[in-house]
Amino acid sequence: MQAYQLREDPHLGCRVCPLPVRAELAEAVTRSHRITWPTWIDRGPHMLRHVLELCRLRTARGLALLYWLAADLPPGELDWFWTPLRLTGPRQERMYAAAAAVPDPVLALVVANWTWALASPHGGRITASYLAGAAYRGDGFLAADATMTLYQTYDRHPEARPAIAAAWAAARVGADWCNAADLRARYQAQTPVFTYPRDTSTPTLGVRPWIQRLFRLE
């Protein structure tokens, strides 16, 4: 079942308008933001590898949820999904398979946000504060520390920017999907998922193989 409608806008192009979302899916989207972003600063390679791996997990998790949202599929048993460990083996393939099934118009929302963040001079501030604040919603001190870690990683390591922006883009679209669906249910009117305008430039530095695979850039 397709749980969204498409609407052509003369200025903004194809808009995705979700139908109301199952409660368990909305709860899963909220929980998916709880990534254990590091709350310390370390200039060594360990910190960078750790952040990049968490970005891959957050991106794949976000795209898998978008597939379930777009298809109105109850996720079922999700113990495997919430494991905070590195993505490997059957768990990785299971998450990647769900991400591969995301419809093109829905994936386009994520890619638009991703390119916009990379082109924006404020990309580091926007992505870091959103990811950290959503992950540590109940603890302002941890959220502030994680924001600084992510922001300084984004600022000091240009090769990490596509990964951090990808994690932010997937997380943001899932949350905005639920917001649009809630407005649809409340007012009985089509409400498109918010998305930033897609930038036409193509990033080159730091576009890792997992980004190419999940965003279908190959």
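The residues of the chain are indexed from 1 along the displayed sequence. The shown structure was predicted, so the numbers you read here are calculated from the model rather than taken from an experiment. Heavy atoms only: backbone and side chains are in, while hydrogens, waters and symmetry mates are out.
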Got a donor-acceptor contact below 3.5 angstrom from the [X] side chain to the [Y] backbone?
X: Arg56; Y: Leu87; result: yes
X: Arg161; Y: Ala117; result: no
X: Thr149; Y: Pro38; result: yes
X: Arg34; Y: Ala135; result: no
X: Ser32; Y: Val29; result: yes

Shortest non-hydrogen contact from [X] to [Y]?
X: Thr83; Y: Asp79; result: OG1-O, 3.2 Å
X: Thr127; Y: Ala165; result: CG2-CA, 4.2 Å
X: Ser129; Y: Arg125; result: OG-O, 2.8 Å
X: Ala143; Y: Ala132; result: O-CB, 3.5 Å
X: Ala99; Y: Arg216; result: O-NH2, 3.4 Å
X: Ala163; Y: Trp210; result: CB-CZ2, 3.6 Å

Please assess Trp177 against Leu25 for the test side chain to side chain contact (heavy atoms under 4.5 Å, CB included), listing each intermediate value before the final yes or no. CA-CA 11 Å; Trp177 183 290; Leu25 282 173; over 6 Å; no
Please tell me whether [X] and [Y] are part of a single hydrophobic cluster in this structure, the criterion being side-chain heavy atoms less than 4.5 Å apart.
X: Leu54; Y: Tyr130; answer: yes
X: Met148; Y: Trp37; answer: no
X: Val106; Y: Leu6; answer: yes
X: Leu217; Y: Leu214; answer: yes
X: Trp168; Y: Leu118; answer: yes

Are Arg172 and Thr195 close enough that a side-chain donor and a side-chain acceptor fall under 3.5 Å?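 No, because no side-chain N or O of Arg172 sits under 3.5 Å from a partner of the opposite role on Thr195.
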Indicate whether any N or O donor in one side chain lies under 3.5 Å from an N or O acceptor in the other, for Arg15 and Gln5.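 Judged by distance alone, the side chains do not pair up.
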For the pair Leu131 and Ile35, evaluate side chain to side chain contact (heavy atoms under 4.5 Å, CB included) and give the outcome as yes or no after the intermediate values. CA-CA 8 Å; Leu131 290 170; Ile35 295 290; over 6 Å; no
Distance (rounded to the nearest 0.5 Å) between [X] [atom1] and [Y] [atom2]:
X: Glu27; Y: Cys178; atom1: CD; atom2: SG; result: 10.5 Å
X: Trp116; Y: His122; atom1: CH2; atom2: NE2; result: 8.0 Å
X: Leu57; Y: Thr36; atom1: CG; atom2: OG1; result: 8.5 Å
X: Asp145; Y: Tyr136; atom1: CG; atom2: OH; result: 9.5 Å
X: Leu109; Y: Asp176; atom1: CG; atom2: CG; result: 9.5 Å
X: Asp199; Y: Asn113; atom1: CG; atom2: CG; result: 12.0 Å

Check step by step if side chain to side chain contact (heavy atoms under 4.5 Å, CB included) holds for Phe141 and Thr39. CA-CA 9 Å; Phe141 290 104; Thr39 55; over 6 Å; no
What do you reckon, is CZ of Arg137 surrounded by more than 12 foreign heavy atoms closer than 6.0 Å?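 No, because the 6.0 Å sphere around CZ of Arg137 holds 12 heavy atoms or fewer from other groups.
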Below 30° counts as parallel, above 60° as perpendicular, anything between as tilted: where do the rings of Phe194 and Tyr196 land?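 Perpendicular.
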Closer than 4.0 angstrom, basic N to acidic O: yes or no for Arg208 and Glu53?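 Looking at Arg208 and Glu53, the cut-off is not met.
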From Leu183, Leu69, Val193, residue fulfilling side-chain contact (heavy atoms from CB on, under 4.5 Å) relative to Pro18: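 Of the listed options, the one satisfying the test is Val193.
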Testing Ile164, Leu52, Leu48, Val51 for side-chain contact (heavy atoms from CB on, under 4.5 Å) with His157, which one passes?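 Between His157 and the candidates, side-chain contact (heavy atoms from CB on, under 4.5 Å) is satisfied uniquely by Leu48.
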Ring pair (Phe, Tyr, Trp, His ring centres under 6.0 Å) partners of residues 76-109, not counting sequence neighbours, each pair once: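 Output for this query lists Trp68-Phe81.
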Passes side chain to side chain contact (heavy atoms under 4.5 Å, CB included), Trp114 versus Ile211? Steps please. CA-CA 11 Å; Trp114 179 63; Ile211 298 176; 3.8 Å; yes
